[in-house]
Amino acid sequence: MKLQVAQATFEEISASDFFYRNRDIAGLTNPSRAIFVAIREIVENALDAAESQKIPPDVYVRLSYEGEATKETQIYKLRVEDNGCGIPPRFIPSAFGQVLYGSKYKLKQARGTFGLGGKMAVLYGQITTHQPVFVTSSTGQEKIYSFKLMIDIQRNKPIILDRKVLINKDQWRGTIVEFTLEGDYLRAMPKIIEYFKQTAMVNPYANITFVDPKGRLYKFIRGTTVMPESPKETMPHPYGVDVELLQRLIQITTATNMSNFLKAHFHRVGEITAQKFLAFAAIPPSKNPKKLSHEEIVRLMQNLKKYKDFLPPDASCLSPLGEDLLKAGIEKELKPEYLVVHQRKPSTYAGHPFIVELAMAYGGDVPKRGTFVIYRFANKIPLLYDEASDVSYRVIAAMNWRRYKVAPDMPIAIVVHICSTKVPYKTVGKEFISDRPEVRREVANALREVARQLQHFLARQEHVHMEKKRLGIFSKYLPKIAQFSTTLAQKEKLPDIDKLLKSVQKYGAEES
Ligand SMILES: Nc1ncnc2c1ncn2[C@@H]1O[C@H](COP(=O)(O)OP(=O)(O)O)[C@@H](O)[C@H]1O
Ligand SMILES: [Mg+2]
């Protein structure tokens with residue numbers, strides 16, 4: 001039998017074309033999810049832009065109804081305004097019209113990662129409504145630039161349809177993004193409102209306004225203007241490098257010997273560490289890095305991973321909230337009766353530094369659901385989907401809560417914030433964090449710490465409750481006994497009952 005084999009055709013597609021064909025990867029799976037993701041991505045960019053300059057963010061979001069798309073879906077216009085750093089005009093077209101283009105590839109903590117999020121939303125808007133995106137921005141200088149753009153999907157390039165320059169009389173600084181997209185707001189609404197509420201919780205220094213398509217106004221007002229320390233850019237840690245990165249560093253380096261090369265391009269490598277490592281790896285310190293063969297580079301990478309004595313990465317490239325700000329955020333949004341927060345020391349996985357911050361809130365506005373309410377955050381982004389797959393959920397589920405006298409039917413919220421230069425997300429959609437042993441350990445340790453403190457609070461509350469009950473019995477019967485014994489003893493003056501009651505009181509009078 002003769003096999004008929006069809007001639008295969010080979011072609012190359014651009015990055016935008018790839019994401020156009022695979023938009024599920026970025027979480028744009030259906031009209032309800034799409035509108036949620038679009039809002040989230042543009043708001044994240046706004047928060048990043050303000051935070052990078054340590055400006056307390058003012059973010060205004062408006063979603064307005066434009067018309068019907070299909071029976072179930074509508075066309076909406078999304079407009080997001082911020083007071084962030086602004087974008088220099090020459091970068092605006094690519095920042096919004098070229099997938100995988102961005103300013104956040106540096107090694108420091110940011111919400112954005114791939115140069116993808118905002119553009120995926122814009123791309124989605126373009127393919128569902130065939131309308132351009134409008135971007136207006138100023139860095140606070142004399143001029144404001146306004147662009148009307150579309151994405152050339154096949155070439156992954158922006159198309160500039162219009163460009164305007166205005167005089168910046170008021171020294172305005174910030175960015176306004178506006179585009180239309182298809183979506184299902186009614187179905188997405190609960191998640192969107194929850195997203196804003198949780199964003200306000202973990203960004204207590206931000207003012208966030210949301211006007212929904214029905215004209216309803218949601219306002220989240222900052223509770224503080226204190227901002228966390230801005231992250232500093234860092235160099236790669238020796239444990240986190242691969243051959244590709246080594247080759248790139250060798251290409252750009254001006255160092256002419258290995259010792260200087262290591263010191264110049266790696267985090268926490270000084271003279272002594274460099275010498276010791278090179279002895280360990282049997283590489284002469286005077287060797288020129290540009291003369292390393294491919295095999296030598298592979299061996300260098302393997303040795304960098306094997307060497308045990310590199311110092312762990314420091315955490316200056318991270319910007320955790322800190323216990324006070326986390327407390328302020330939770331107090332503002334949940335008004336709990338009791339709140340305990342705990343920040344772990346920096347730790348690492350695969351050479352990437354990370355910090356876990358965790359809080360437990362009891363009572364107040366914490367909803368009582370029969371299970372713990374879990375709020376998950378990564379780099380100050382709320383994670384609202386796929387809870388059961390997340391490392392924090394698993395740690396919480398595996399914990400022996402009886403030991404801490406804590407039951408899931410109590411009004412308890414657990415807040416977990418993980419920040420890292422590289423959050424170990426499982427997907428590009430940024431929904432849950434994978435179960436890495438190092439991350440799991442840190443979450444578990446933090447959880448034990450706050451659980452212990454909550455246990456003390458609950459035990460004390462229980463005592464106070466018992467005491468109240470006991471005093472209640474005393475104060476009910478003592479007057480009767482006093483009356484009775486006075487009559488029995490044929491006396492007239494009743495003994496001082498208050499004094500007696502005080503003497504049986506064990507706990508602080510203020511609580512009884
Ligand atoms: N509101 C904004 N203010 C300042 N810069 C922005 C804003 N939105 C987007 N940008 C710039 O556009 C780039 C691309 O954004 P995006 O597609 O969301 O990717 P990412 O955030 O992952 O870098 C960002 O890296 C940033 O430099
Ligand atoms: Mg982004």
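Given the structure is predicted, the values throughout are model-derived calculations rather than measurements.
- Classification of D58 and R222 as a salt-bridged pair holds, one side-chain N sitting under 4.0 Å from a carboxylate O.
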- [ ] Apply salt bridge (Lys or Arg N to Asp or Glu O under 4.0 Å) to the pair K77 and E178, showing each step before the final yes or no.
- [x] CA-CA 7 Å; K77 185 185 276 170; E178 186 174 290; 3.7 Å; yes
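- Looking only at atom types and distance, the side chain of Q109 has no donor-acceptor partner in the side chain of S319 under 3.5 Å away.
- For the residue pair Q198/E333, the side-chain donor-acceptor check at 3.5 Å is not satisfied.
- At a cut-off of 3.5 Å, with distance as the only test, a side-chain donor of E51 or Y205 sits close to an acceptor on the other residue.
- Salt bridge annotation for E229-K54: present, with a cationic side-chain nitrogen under 4.0 angstrom from a carboxylate oxygen.
- Side-chain contact between P336 and Y362 is absent, with no heavy-atom pair separated by less than 4.5 Å.
- Between the side chain of R268 and the main chain of P312, a donor-acceptor pair closer than 3.5 Å is present.
- Salt bridge absent: K276 and D309 never bring a charged side-chain N and a carboxylate O closer than 4.0 Å.
- Checked options Y60, F210, Y218; the residue passing with F196 is F210 (criterion: ring-ring contact (aromatic ring centres under 6.0 Å, His included)).
- Contact check for P424 versus V439: side-chain heavy atoms found under the 4.5 Å cut-off.
- Side-chain contact between K426 and S389 is absent, with no heavy atoms from C-beta onward closer than 4.5 Å.
- Between E431 and R40 there is a salt bridge, since at least one side-chain N of the basic residue sits less than 4.0 Å from a carboxylate O of the acidic one.
- A 4.5 Å side-chain heavy-atom check between L318 and T421 finds at least one atom pair inside the cut-off.
- Checked for salt-bridge contact, D409 and K368 miss the test: no charged N lies under 4.0 Å from a carboxylate O.
- Side-chain rings of Y385 and F432 stay apart, their centers remaining 6.0 Å or farther from each other.
- We find that E442 and R344 are joined by a salt bridge, their nearest charged nitrogen and carboxylate oxygen being less than 4.0 Å apart.
- Counting only N and O atoms by type, the side chains of S485 and K491 include no donor and acceptor under 3.5 Å apart.
- By the 30° and 60° cut-offs, the orientation of the rings of Y338 relative to F457 is parallel.
- Taking a 6.0 Å sphere around OH of Y185, one finds it holds more than 12 heavy atoms contributed by other residues, nucleotides or ligands.
- Between R33 and N30, some side-chain heavy-atom pair lies under the 4.5 Å cut-off.
- No donor-acceptor contact under 3.5 angstrom links the side chains of E323 and Q343, judged on distance only.
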